[in-house]
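Before any comments, here is the structure.
In what follows, residues are counted from 1 in the order of the sequence shown.
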Amino acid sequence: SHPSFSGSVSDAGRITDINSPWLISFGIAFAAVGITVAAFFIFNLFSFAADRTLRSSSKFETLTRIPVIAAIPPVARMIGTERSANQVSNAYRVLRSAIKYSRRGVRTIAVCSPSPRDGRTSVAIGLSQSLADTNAMVLLIEADMHRPNISRELRFDPVFGLGDLLLGKANLAATINKTSNRNLYVITAVNNVNMNSIDVCDLLDSDVFTELLKAVESQFDYVIIDTPAIELLPDAAAVAGKVDEIKDFYNTKVA
């Protein structure tokens with residue numbers, strides 16, 4: 001019988017077995033890489049199709065049928081350049097003008113969003129500062145008593161908060177805090193009382209909160225209220241019926 005030859009001649013003149021385990025392993029690895037790349041592109045395709053992020057004003061208006069009066073850029077992506085700072089400032093000026101010259105005479109505004117970390121508090125602060133820059137007297141009320149952070153953002157230490165005021169533990173004068181902007185004042189949600197055993201929604205829906213708004217509206221040109229996320233708590237709905245307008249900022253990507 002004759003020997004069986006199953007190889008081919010390599011460049012070095014050696015016989016290489018075409019059934020070598022190394023070649024089989026290489027083929028499997030190559031196929032695995034191809035499958036991984038294909039899966040990656042398919043995953044991204046489905047993610048893009050399912051993405052509900054509002055990346056443009058036109059998309060927002062199409063989905064909600066609500067006209068956009070201003071588009072606030074996502075600040076987190078624009079830090080570090082003078083141009084980006086100007087874009088953000090100009091966006092707040094547009095929003096400020098829309099409010100100042102509204103035919104409805106808007107003076108009390110609740111800033112709300114569907115979810116936490118949408119940029120709601122940043123918008124409330126930015127709008128308040130922009131209005132205060134026009135020599136208008138502005139009061140920013142932090143109605144989110146579950147996750148207060150305005151005092152940290154504006155770098156001051158409050159003594160009393162909104163809960164203290166509504167529960168009669170402090171008076172209005174002791175609760176209002178001055179900021180570095182001489183026209184901007186803040187009532188924070190940092191309280192001395194333990195709010196865990198108190199229904200915050202009922203507190204915001206009470207006649208006491210209504211009377212508070214009437215009192216501060218007589219002293220300030222504008223009152224801006226930062227509310228909790230709508231999807232998590234009913235607190236924002238309790239505030240909604242007590243203000244002139246509700247501004248919805250979805251992911252601060254109305255822009």
Self-check item: Residues N135, N183; criterion side chain to side chain contact (heavy atoms under 4.5 Å, CB included); working and verdict
Solution: CA-CA 6 Å; N135 289 324; N183 295 319; 3.6 Å; yes

Give a yes or no on whether the backbone of [Y] and the side-chain of [X] come within a donor-acceptor separation of less than 3.5 Å.
X: S102; Y: A98; answer: no
X: D221; Y: V138; answer: no
X: E142; Y: A189; answer: yes
X: T175; Y: I187; answer: no
X: N90; Y: N86; answer: yes
X: N191; Y: V193; answer: no
X: S130; Y: G126; answer: no
X: R96; Y: A132; answer: no
X: N149; Y: R152; answer: no

Practice problem: Might you work through the side chain to side chain contact (heavy atoms under 4.5 Å, CB included) test for Y222 and I99, ending with a clear yes or no? | Solution: CA-CA 10 Å; Y222 296 98; I99 291 172; 4.0 Å; yes

Is [X] linked to [Y] within one hydrophobic cluster, defined over Ile, Leu, Val, Met, Phe, Trp and Tyr using a side-chain heavy-atom separation of less than 4.5 Å?
X: M145; Y: I225; result: yes
X: F160; Y: L165; result: no
X: V243; Y: L162; result: yes
X: F209; Y: V190; result: no
X: V159; Y: Y185; result: no

Practice problem: Go through the structure and list residues passing side-chain hydrogen bond (donor to acceptor under 3.5 Å, both in side chains) with S151, not counting sequence neighbours. | Solution: none

Can you see which heavy atom on [X] is nearest to which on [Y], and at what distance?
X: P228; Y: A236; value: O-CB, 3.8 Å
X: A110; Y: T227; value: CB-CG2, 4.2 Å
X: P158; Y: N177; value: CA-OD1, 3.6 Å

Quiz prompt | Heavy-atom check, side chain of L131 versus side chain of I224, under 4.5 Å | solution = yes

Quiz item: Below 4.5 Å, heavy atoms only, C-beta onward: do M195 and D164 meet side chain to side chain?
Solution: no

So, taking the atom named [atom1] in [X] and the one named [atom2] in [Y], what distance separates them when rounded to the nearest 0.5 Å?
X: Q219; Y: L172; atom1: CD; atom2: CG; value: 6.0 Å
X: T108; Y: L213; atom1: OG1; atom2: CG; value: 6.5 Å
X: L204; Y: D235; atom1: CG; atom2: CG; value: 5.5 Å

Quiz item: In terms of side-chain geometry, is the basic nitrogen of R120 or D144 positioned less than 4.0 Å from the acidic oxygen of its partner?
Solution: yes

Quiz prompt | CA sep, side-chain torsions, deciding dist, call: K242, D205, side chain to side chain contact (heavy atoms under 4.5 Å, CB included) | solution = CA-CA 9 Å; K242 303 178 184 294; D205 198 29; 4.1 Å; yes

Quiz item: Stepwise, does the side chain to side chain contact (heavy atoms under 4.5 Å, CB included) test hold for I176 with F220?
Solution: CA-CA 12 Å; I176 294 179; F220 293 89; 4.2 Å; yes

Quiz item: Do other residues, nucleotides or ligands put more than 12 heavy atoms under 6.0 Å from D207 CG?
Solution: no

